[in-house]
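The figures here come from the full heavy-atom set of this structure, side chains too, leaving out hydrogens, waters and symmetry mates. Just so we're on the same page: letters track the sequence lines, and every chain starts at 1.
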Protein chains: 2
Amino acid sequence: MLRLSKLTDYATVILSFMAREKTQVAAMEIAAVTGIALPTVSKILKSLVNAEVLVSTRGAKGGYALARMPEEISVATVINALEGPIALTECSISHQGCEQALGCDIGGNWSLINQTIHNALESVTLADLIRPAVLPNEVFIPVSSLYR
Amino acid sequence: MLRLSKLTDYATVILSFMAREKTQVAAMEIAAVTGIALPTVSKILKSLVNAEVLVSTRGAKGGYALARMPEEISVATVINALEGPIALTECSISHQGCEQALGCDIGGNWSLINQTIHNALESVTLADLIRPAVLPNEVFIPVSSLYR
DNA sequence: TTAAATAGGACTAGAATAGTCCAGAATTAT
DNA sequence: ATAATTCTGGACTATTCTAGTCCTATTTAA
Ligand code: FES
Ligand code: FES
């Protein structure tokens, strides 16, 4: 289904909240507001700090805050923080030693696809996500999916 | 990591082979050529038939063949066949009843992202995959060649 | 009728994800 | 100082998803 992991999804929710909040907030507060369990929130925040998307302050009155402006935090960065490098195929990452299948000599054009997708994700920022919604009218849902 | 499932990867390998072959081939033959185990090949082919990417002929001398020209089979279609609808977030699919997190009111702009990615995958066909390779960004130049 | 294929679906094992928990370190408040 | 608060790092478990296998039925050719 080419989906984002749940954790990444949560991350965008959390970050959206933080982008609106603008002030430093504690993990517990985020958990309360979003309805995501504290340990899970905590885990996500830790990943985001490691990826330098957030900065943290320890101790009483501590908490988390965005490391940069929402305009400068791309969706690609967030996905990267939670799920590692964005790439569709193995060979796109390692670029060597991929022996998925003996008869495979695809290689080339996949990286073009990967690049395209990466660009798409890189071009959307947190700021875009919290904007009222540009709404591209209709979302296309394949008929076949309705019958599963 | 936003990756394709292994099965989908296999599918592209198999389809690439079939696109070159052009004639009807049996599952066993494909298994032999690609090095993928027969039951697995079989499973994938069945999915592709259901998605109408392939047509099958039963009985002795039966086998599989592309249902359309390689130019008319998009990567999006293939992914769809193996993994279901392409969408990054839950709400993009059901468009209702997504209660991932209480505080979430993202919605809108994600579908823009989804749409972009879907377009990217829709615009690449089987024919593109088997083309010698347009080779974008990184091109590997053997060090040895630099000294000639 | 027999052999060669695909069709469909059940099933198992393994891997990845989601989620929890705890002991430790840093900071502030008392 | 001491206590309370809050993040840190990693281990751990449970659950879900994926990959892969296998079996039985059906179709077709010879
Ligand atoms: S999938 Fe990596 S070489 Fe084909
Ligand atoms: S992720 Fe679905 S509503 Fe927010």
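Of the candidates B:V55, B:T57, B:L54, B:T57 is the only one forming a side chain to side chain contact (heavy atoms under 4.5 Å, CB included) with B:Q24. The side chain to side chain contact (heavy atoms under 4.5 Å, CB included) test with A:L45 singles out one residue from A:L15, A:V25, A:I30, A:N50, and that residue is A:I30.
Protein atom CD1 of A:I44 is 10 Å distant from nucleotide atom C1' of C:dA18, rounded to whole Å. When rounded to the nearest whole Å, the span between CD1 of A:I30 and P of D:dT5 equals 18 Å. Atom-to-atom, NZ of B:K43 to C1' of C:dG9 comes out at 11 Å; the value is rounded to the nearest Å. Look at NZ on A:K46: it is 13 Å from C1' on C:dA25, rounded to the nearest Å. One interatomic measurement links the two molecules: CD1 of A:I36 to P of C:dG19, which rounds to 9 Å at whole-angstrom precision. Rounded to whole angstrom, the span from the CG atom of A:L54 across to the P atom of D:dT8 amounts to 10 Å. Per the geometry, CG belonging to B:L4 stands 15 Å off C1' belonging to D:dC17, to the nearest Å. Between the CG atom of A:D9 and the C1' atom of C:dT17 there is a distance of 14 Å, given to the nearest Å.
Look at B:T57 and you won't find any side-chain N or O under 4.0 angstrom from OP1 or OP2 of C:dT6. Checking the phosphate oxygens (OP1, OP2) of D:dT8, no side-chain nitrogen or oxygen of A:N50 falls inside 4.0 Å. Distances shown here put a side-chain N or O of A:S56 below 4.0 Å from the OP1 or OP2 atom of D:dT8. At least one side-chain nitrogen or oxygen of A:K6 sits closer than 4.0 Å to the OP1 or OP2 atom of C:dG19. Put simply, B:Y10 has no side-chain N or O that comes within less than 4.0 Å of OP1 or OP2 on D:dA19. At D:dT21, one or more side-chain N or O atoms of B:T40 fall inside 4.0 Å of OP1 or OP2 (strictly under the cut-off).
In this structure, NZ in B:K6 is found 11.0 Å from CD1 in B:I44, a value given to the nearest 0.5 Å.
Looking only at distances, no side-chain donor or acceptor of A:T77 sits under 3.5 Å from a matching main-chain atom of A:I73.
In this structure, A:A60 and A:A37 both approach DNA chain C, and ranking their closest nucleotides by distance from the 5' end singles out A:A37.
Counting non-hydrogen atoms under 4.0 angstrom, A:G62 reaches the backbone sugars and phosphates but no base. A:K61 comes within contact range of the sugar-phosphate backbone alone, with a heavy-atom separation under 4.0 Å but no base atom that close.
Distances were taken from every side-chain heavy atom of A:P39 (C-beta onward) to each of D:dT21, C:dT6, C:dC21; the shortest belongs to C:dC21. Side chain of B:Y64, nearest nucleotide from C:dT20, D:dA29, C:dT6: C:dT6.
Residues B:I117 and A:L121 have side chains in contact (heavy-atom distance under 4.5 Å, counting atoms from C-beta outward).
Side-chain atoms of B:R58 and base atoms of D:dT26 include a donor and an acceptor less than 3.5 Å apart.
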